[in-house]
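To start, the structure itself, in structure tokens.
Residue numbers begin at 1 in each chain, while the letters A, B, ... track the order of the sequences.
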Amino acid sequence: MLLRLPILLSLAFGLLLLLAPLALDDWRLSQLAQLLTYGIFALSLSFIWGQVGILCFGQAIFFGTGAYVMALVTLGKLPWLGESQILGLLLATLAAGGVAFILGLFLFGGRGITGAHLAVVTLCAAVVIEIATGRWGFVGGYNGLRGVPPLTTPWPRDDIYLSGLETYFLIFAVLAAVYFLLLWLTRTPFGTLLAAIRSNEERTRFLGFDVTMAKLFAFFLSGMVAGLAGGLFAAQFGFVSPQLIGFALSTEVLIWVAVGGRGVLLAAVAGALLVRWGEDQLSDQIGQYWLLATGLLFIVIVVIAPRGLFGRILDLSPHRKS
Amino acid sequence: MDIVVLIGLDAFSYVLTLLLVTLGLVIIYGMMNVINMAHGELFMLGAYTVATLLASGVPFWICLLAAPIVVGLAGLLVEEFVIRHVYGRPIDTILATWGLSIAIKQMIIIVFGPAAVSIANPVPGSVNLMGVDYPAYRLVIMALAAALALATYLVIYRSTTGLQIRAVISNRAMAGSLGVNTRRMDRATFAVGSALAGVAGAIMSPMISVDPQMGVGFLIPAFLSVLVGGLNSLIGAVIGAGTIGGTTSILSANMAQADAQIIVFLLAIMIIRFVPQGLWKGFR
């Protein structure tokens with residue numbers, strides 16, 4: 001019975017999110033929908049960090065790329081593409097995946113770099129891209145792009161804009177789809193290979209697996225997920241700015257995932273919801289203390305509880321008999 | 001000609017202050033494989049120590065002496081409560097010290113508020129040097145930074161303590177079995193590394209904006225210097241700080257600062273990617 005507790009809790013967590021609209025007014029619901037978008041973003045980092053063991057300090061590069069591509073497409077800044085939202089989301093996902101692929105080639109190709117070098121290089125890449133975005137007039141420079149249209153229905157009807165409830169369920173569905181896809185992936189032989197890379201990269205390489213390709217594909221996938229989250233975020237928030245693509249958000253998502261529990265996908269989502277919710281709900285004055293508490297909690301988790309707050313209770317992997 | 005002298009002086013003063021921050025990082029990394037993301041916040045603590053003491057009427061030069069002591073003590077606390085628990089887990093040191101950097105930054109915001117504090121220039125006026133008028137205090141900064149860097153070098157390469165430090169760096173187990181108290185060494189190294197960051201912050205405080213975000217602005221260039229020069233080597237730190245600081249100053253004189261930063265960071269990323277041992281060891 002005890003073994004099945006994580007499954008029950010995971011289902012309860014899903015059910016809670018599904019029933020949340022019953023208890024929340026429109027404003028709070030749209031807030032929660034945004035948090036779910038951050039949850040998708042957290043999934044992307046949890047996958048690359050928790051499953052493959054690549055500590056990426058620049059995950060917001062992909063989120064921001066997605067957000068900017070979505071904004072550019074739906075604002076009609078790329079006229080030859082039309083202004084379709086579906087196309088925008090698709091391109092946001094692919095563009096972020098492309099950026100991740102190129103960055104991945106650079107990081108893992110040849111002899112590759114790992115550990116601290118990789119962390120610092122991705123961190124610097126995020127800083128460079130943030131500054132460059134702020135200097136680039138076409139994407140709005142420091143002011144970013146305003147007035148990104150909210151989500152609409154793809155088919156015609158009276159009011160084409162999605163209501164708060166519809167938006168919420170759309171984001172929830174995307175989150176669930178991404179979650180189950182990644183969860184399924186970790187159960188395939190490919191997922192086992194990724195876990196092997198996480199626990200000992202060199203040994204996996206010696207066993208004859210193409211570690212570089214596997215890491216590259218995982219990074220590409222993680223980038224796509226982050227880009228999709230970014231695209232959804234741009235439409236929900238209506239505004240993109242260089243902060244979305246840079247250093248600060250990259251480190252924030254790292255904290256959400258670590259606090260939740262990096263090794264378990266759903267725990268990372270829960271971490272993102274909890275930390276962001278605290279930041280949004282508390283007023284400025286107490287908010288400062290919340291950030292302080294988050295920083296301290298983060299230290300404690302890294303030092304003594306690497307599985308995070310929810311890592312143990314939401315762990316779905318079959319228990320080994322030891 | 002004047003402009004060349006001016007840029008040269010600017011570059012030199014930036015390199016020297018960057019070197020102070022970098023030296024602390026290199027010593028801490030070399031000694032205990034700890035990548036200290038909170039180093040920028042220790043730098044900031046040095047500057048805020050000066051600001052606080054100045055406000056209560058302490059003369060600037062005394063503040064300058066107090067800063068390394070205060071920040072060194074802070075370093076001791078940090079070592080005791082956080083760092084020593086993550087020895088041997090390099091990736092976790094990055095994360096734990098990153099959490100620390102957030103916590104310190106938030107504490108400063110809560111205590112001092114988010115706005116910048118200004119610190120009066122203790123040595124106003126300028127000196128005529130090779131045909132250009134140069135701010136006198138910048139020359140003081142250069143002299144202090146150079147003296148401190150030299151002192152660090154002498155301690156590490158010419159003193160018994162330095163010998164022990166180098167012994168621990170090259171083979172911890174062997175040094176321990178030969179009677180070096182490695183635990184005490186770790187503590188001392190972390191405190192000294194922190195104190196170096198603190199004194200750098202204190203020295204720089206009259207020239208830059210002292211605000212809760214100032215740490216990151218110094219952390220990233222310092223990190224790049226460490227990795228570009230090569231971890232684990234003091235000479236590497238000099239080369240790294242020279243490369244990063246020199247290029248930044250020279251480029252900033254010719255273009256917008258943001259563009260200069262982009263170029264320097266890209267250059268650094270290339271070096272780190274293709275010569276991960278750093279310039280000092282990579283090309284020998």
Side-chain angles (χ1 to χ4, degrees), chain A residues 49 53-55 57 103 106-135 141-142 247-248 251-252 254-255 257-259 262 284-304 306, chain B residues 29 33-35 37-38 78 81-86 89-111 113-114 213 216 219-221 223-224 226-228 231 256-266 268-274 276-278:
Chain A
W49 182 25
I54 298 170
L55 176 60
F57 252 83
L103 189 62
F106 179 75
L107 294 171
F108 312 131
R111 276 163 65 209
I113 50 175
T114 52
H117 285 86
L118 190 127
V120 173
V121 166
T122 48
L123 188 153
C124 286
V127 174
V128 166
I129 290 176
E130 182 174 355
I131 300 174
T133 311
R135 303 275 299 163
Y142 281 114
F247 167 69
T251 52
E252 258 183 77
L254 208 67
I255 292 172
V257 172
V259 166
R262 64 184 123 163
D284 273 357
Q285 198 53 46
I286 314 173
Q288 299 295 355
Y289 288 94
W290 175 265
L291 283 176
L292 175 62
T294 321
L296 294 175
L297 178 65
F298 180 58
I299 300 175
V300 171
I301 282 176
V302 168
V303 173
I304 60 174
Chain B
Y29 181 83
N33 274 330
V34 167
I35 295 171
M37 299 290 277
V78 166
F81 286 106
V82 181
I83 308 293
R84 95 188 150 90
H85 304 285
V86 283
R89 289 147 63 188
I91 293 292
D92 283 350
T93 64
I94 301 183
L95 298 171
T97 51
W98 178 253
L100 201 63
S101 113
I102 294 172
I104 297 177
K105 200 186 304 167
Q106 283 304 321
M107 275 188 239
I108 291 285
I109 292 179
I110 290 168
V111 176
Q213 309 300 331
V216 178
L219 177 75
I220 294 175
F223 250 109
L224 293 178
V226 173
L227 291 177
V228 163
L231 291 157
Q257 201 175 356
D259 293 340
Q261 244 176 349
I262 294 177
I263 295 177
V264 172
F265 283 12
L266 285 178
I269 289 176
M270 290 295 167
I271 295 177
I272 295 171
R273 171 63 182 82
F274 294 107
Q277 312 89 331

Option that, when pairs with chain A are counted at under 4.5 Å, heavy atom only, ranks first among B/Phe265, B/Trp98, B/Phe274
B/Trp98
Compile the donor-acceptor pairs under 3.5 Å between side chains in residues 256-264 of chain B and protein atoms, sequence neighbours left out, one pair per line.
from	atom 1	to	atom 2	distance (Å)
B/Asp259	OD1	A/Arg135	NE	3.0
B/Asp259	OD1	A/Arg135	NH2	3.4
B/Asp259	OD2	A/Arg135	NH2	2.9

A side-chain contact here means heavy atoms from C-beta on lying under 4.5 Å apart; do B/Phe223 and A/Leu123 qualify?
no
Which region of A/Leu254, side chain (C-beta onward) or backbone (N, CA, C, O), has a non-hydrogen atom less than 4.5 Å from a non-hydrogen atom of chain B, or is it both or neither?
side chain
Partner chain A: residue of B/His85, B/Lys105, B/Arg89 with the largest heavy-atom pair count (under 4.5 Å):
B/Arg89
Would you indicate whether B/Phe81, at its atom CZ, is surrounded by more than 12 heavy atoms from other residues, nucleotides or ligands within a distance under 6.0 Å?
no
Interface moiety of B/Leu100 toward chain A, non-hydrogen atoms closer than 4.5 Å:
both
So, taking the atom named CD1 in A/Ile304 and the one named CG in B/Asp92, what distance separates them when rounded to the nearest 0.5 Å?
12.5 Å
Given a strict heavy-atom distance threshold of 4.5 Å, which part of B/Leu95 is in contact with chain A: side chain, backbone, both, or neither?
both
How about B/Ile102 and A/Ile255: do any of their side-chain heavy atoms sit closer than 4.5 Å?
yes
Can you see which heavy atom on A/Phe108 is nearest to which on B/Arg273, and at what distance?
C-NH2, 4.4 Å
List, one per line, each side-chain donor-acceptor pair under 3.5 Å for residues 291-303 of chain A, sequence neighbours excluded.
from	atom 1	to	atom 2	distance (Å)
A/Thr294	OG1	A/Trp290	O	2.5

Go through the atoms of A/Phe106 and report whether side chain, backbone, both or neither lie under 4.5 Å from a heavy atom of chain B.
both
Is it the backbone or the side chain of B/Ile269 that comes under 4.5 Å from a heavy atom of chain A, or both, or neither?
both
Would you mind checking which part of A/Ala132 comes under 4.5 Å of any heavy atom in chain B, side chain (CB onward), backbone (N, CA, C, O), both or neither?
both
Nearest atoms (heavy-atom pairs only) where B/Leu224 meets A/Cys124:
CD2-SG, 3.2 Å
